[in-house]
*Asks:* 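The structure's right below; bear with me while I get my questions together.
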Protein chains: 2
Amino acid sequence: MKSGPHVTLADVAQSADVSLATASRVLNGTASVRTDLRDRVMSAASELAYAPNAHAQALAGGTHRTVGVICHDVSDPYFSAVAGGVMKVANGNGLLVMLADTFRDPDREVAYVSALRAQRASAIVLIGSAFEDRSWERAMAAELDPYRRVGGQVAAVSRHRGLKVDTVLPDNRGGAAALAKALVGLGHKRFAVLAGPARLTTVCDRVDGFAEELAAHGVPLSDEDVLETTFDRDGGYEAAKRLLERPKRRRPTCVFAVTDLMAIGALAAFREAGVSVPGEVSVAGFDNIPVVRDLTPALTTVALPLEQLGERAMDLALKASGTRPRTVRLGAEVVLRESTARPKRPHRPL
Amino acid sequence: MKSGPHVTLADVAQSADVSLATASRVLNGTASVRTDLRDRVMSAASELAYAPNAHAQALAGGTHRTVGVICHDVSDPYFSAVAGGVMKVANGNGLLVMLADTFRDPDREVAYVSALRAQRASAIVLIGSAFEDRSWERAMAAELDPYRRVGGQVAAVSRHRGLKVDTVLPDNRGGAAALAKALVGLGHKRFAVLAGPARLTTVCDRVDGFAEELAAHGVPLSDEDVLETTFDRDGGYEAAKRLLERPKRRRPTCVFAVTDLMAIGALAAFREAGVSVPGEVSVAGFDNIPVVRDLTPALTTVALPLEQLGERAMDLALKASGTRPRTVRLGAEVVLRESTARPKRPHRPL
DNA sequence: CTGTTAGCGCGTTCAT
DNA sequence: ATGAACGCGCTAACAG
């Protein structure tokens, strides 16, 4: 911004005919000041529409009331719900938040941490699943470590392997396992999983938890039954289309999409193809984003306390951590709705 | 943040055995410096994990690379889509954005502008419908005017009566009118409108546009056919419930919810009550948030270019405005889908 | 209770 | 090409 003729504290002080210090004191309520001076300063400030320079305040050792939030994609309901939780407690604590949207670009994520560090944000909250990538972790750590060394707080939602940060951990594994169990209990024996990029820890955890539970029940899940696609609605749509290309007898009776958004895409694909859900195929998602209960059929999913995820993360970031990174685990709960049912033609074991 | 022992430019300079000025020059590429010095500074900086103090930079007259965005509610798909657009172009211009969530509290909105002003944000983008409220407008103007006087850029999405700011204006009125026309064309003669708080300009524009077009076709819309409720999914649900309390013959054949989210709530209420859509009642929304095409029945709505709304607003905020506030109008387009159909039992005029 | 003054970390003239 | 010094706007010691 091409610094216009900003009104400064000095202007206010002069206009009120008091010293700089006095003006500062009344504006900040730091110390008591004679009433008449107080009034003069206040009216001068409002007269001049004075706005303190936060940069100068910060520099002079005043407080930083700003925290940073790094989010994969605000327009994804999952992330925006979590971000909402973060903002709620930030708001409650009188904090300003700088919300960065990385558009799912790992590099941009690192760049933003750097920028937030420059801003001297008092805390940084990382929202979104981490990338399983050595060099990325190294780059991230190179920013985060010095930041924390000078007192910066960091908290993350989801598992970040290499980073030793406070984290709020939804039970991806357990939730997926519980879902698998419920689905097997319904009688399904032939599954497909619509998975996102394997480098995302969230994807791995969910797929693994699901697969292991299936295995525990003696239900196979071959590699070709796990379709990797993009981590969004269109990914789910596309993967479901692929499934539909298979001959009917080789199709699964139940499809687990690792996120609700992907499940929504899958539902759309099935509807277009005239494949009835849950008549011909059951569909389940994960997250329980607000809209899925209003779908037809309402989506079976694993419910995560989305807002809480954000709230707890901000909580962690607000109270200085002691020695080791803390972990807050939040439960996941299977919500059976209409998109899943007993399979029509139960598969016999081969 | 309790200022830890931050690494400063001076530290880097000393460690590299050069002057402060030299260190500054290489780090900013401001001027050419001898290669060996350059290298020494660079490695010292990286060795010490130096992060420039953005506050000091800003204060010293350097550039501000941060803009502010004020958003009603990030977890509402409409706002998050628009916010996504804003972030996209901010990102593209190397800007850091401070995203504030007001949780639909008008006062908080003013408070945030004040904070952003203190941060010397180079631009402020207002996302969300304005409040038709004299004293609110006054308070807002009291912050905005001085801000712009010193070169601050302001842009808003939606109509803000009292504020003379650059604005991106979706065609709420025209879109609603076009929708009304289409619905009348389908044969509907008895409508209900699920409206949000009348103080929101967006609500007014949509309701008025709809009502006027109906009137133009000789279709009445009495006051009791416009149900005021909250501006969210639950509001739509609740209002639809109220509709269902009426005796069947007094029910509308078509319901227009002023936002898609409200329409989703209404759809849920009808489904619960066993009222078929569009069999017994047609439902239409407004906005075309991503998920509505995936509903069953897919929702008829008025499509707004949500991301573009944000993009254009950021564009406006980035290029200094000349004299008078500019207005960018963006069209709205009716998208007929399955949630609307010809009424089963066309009403005869009384 | 009030005013004066010394930095906070950095960009930027000025000399050199 | 490099270095010394000033000032951005403000808070927090220190005097008075």
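Values below: all heavy atoms of this structure, side chains included; hydrogens, waters and symmetry mates excluded. Throughout, protein chains are lettered first and strands after them, A, B, ... in sequence-line order, and every chain is numbered starting at 1.
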*Asks:* Any side-chain N or O of A:T8 under 4.0 Å from OP1/OP2 of D:dG9?
*Replies:* no

*Asks:* Find the distance B:R65:CZ to C:dG11:C1' and express it as a whole number of Å.
*Replies:* 16 Å

*Asks:* For the side chain of B:A60, starting at C-beta, report the closest nucleotide among C:dC8, D:dC8, C:dC1.
*Replies:*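 So the nucleotide nearest the side chain must be D:dC8.
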
*Asks:* In whole angstrom, give the distance that lies between atom NE2 of B:H55 and atom P of C:dG11.
*Replies:* 14 Å

*Asks:* Report the nucleotide, chosen from D:dT2, D:dA13, D:dC10, that has the shortest atom-to-atom distance to any side-chain atom of A:A21.
*Replies:* D:dA13

*Asks:* Calculate the interatomic distance between A:N53 atom CG and D:dG7 atom C1'; express it in whole Å.
*Replies:* 13 Å

*Asks:* Just call it for B:L20: base, sugar-phosphate, or nothing, with non-hydrogen atoms closer than 4.0 Å on any strand.
*Replies:* nothing

*Asks:* What is the distance, to the nearest angstrom, from the NE2 atom on A:H64 to the C1' atom on C:dC8?
*Replies:* 10 Å

*Asks:* What's the shortest heavy-atom distance between B:T102 and B:Y112, and which atoms?
*Replies:* CG2-CD1, 4.2 Å

*Asks:* If I take atom CG in residue A:L27 and atom C1' in nucleotide D:dA12, what distance separates them, rounded to the nearest angstrom?
*Replies:* 16 Å

*Asks:* Whole angstroms only, please: what is the CG-P distance between B:D11 and C:dC10?
*Replies:* 8 Å

*Asks:* Give a yes/no on whether any side-chain N or O of B:N28 is located under 4.0 angstrom from OP1 or OP2 of C:dG11.
*Replies:* yes

*Asks:* Tell me: CG of B:L9 to C1' of C:dG11, nearest whole Å?
*Replies:*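 Between C1' of C:dG11 and CG of B:L9: 9 Å.
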
*Asks:* Just compare C:dT2, D:dC10, C:dG9 and give me whichever is closest to any side-chain atom of A:A56.
*Replies:*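 Of the options given, the side chain of A:A56 lies nearest D:dC10.
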
*Asks:* Would you say B:T22 reaches D:dT2's phosphate, i.e. side-chain N/O to OP1/OP2 under 4.0 Å?
*Replies:* no

*Asks:* Tell me, with the steps shown, if B:S135 and B:D133 meet side chain to side chain donor-acceptor pair (under 3.5 Å).
*Replies:* CA-CA 6 Å; B:S135 78; B:D133 178 317; 3.2 Å; yes

*Asks:* Please verify the inter-ring angle class for B:F131 with B:H72; under 30° counts as parallel, over 60° as perpendicular, anything in between as tilted.
*Replies:*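 If you compare the ring of B:F131 with that of B:H72, the planes turn out parallel.
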
*Asks:* Can A:D166 and A:R324 be counted as an ion pair, charged N to O under 4.0 angstrom?
*Replies:*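 So A:D166 does not pair with A:R324 through a salt bridge.
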
*Asks:* Within less than 4.0 Å of OP1 or OP2 of D:dT11, is there a side-chain N or O belonging to A:S24?
*Replies:*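 Checking D:dT11 against A:S24, a side-chain N or O does come within under 4.0 Å of OP1 or OP2.
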
*Asks:* Can you tell whether the side chains of B:E307 and B:R312 come within less than 4.0 Å, N to carboxylate O?
*Replies:*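 No.
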
*Asks:* Counting side-chain heavy atoms from CB outward, which of D:dA1, D:dG3, D:dC10 is closest to B:R34?
*Replies:* D:dA1

*Asks:* Establish, with yes or no, whether the OP1 or OP2 oxygen of C:dC10 is under 4.0 angstrom from a side-chain nitrogen or oxygen of B:Q57.
*Replies:* no

*Asks:* Check this one for me: any side-chain N or O of B:R25 less than 4.0 Å away from OP1 or OP2 of D:dT2?
*Replies:*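 No, B:R25 has no side-chain N/O under 4.0 Å of OP1/OP2 on D:dT2.
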
*Asks:* What is the distance from CG of B:L59 to C1' of D:dG7, rounded to the nearest Å?
*Replies:*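 Atom-to-atom, B:L59 to D:dG7, this comes out as 9 Å.
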
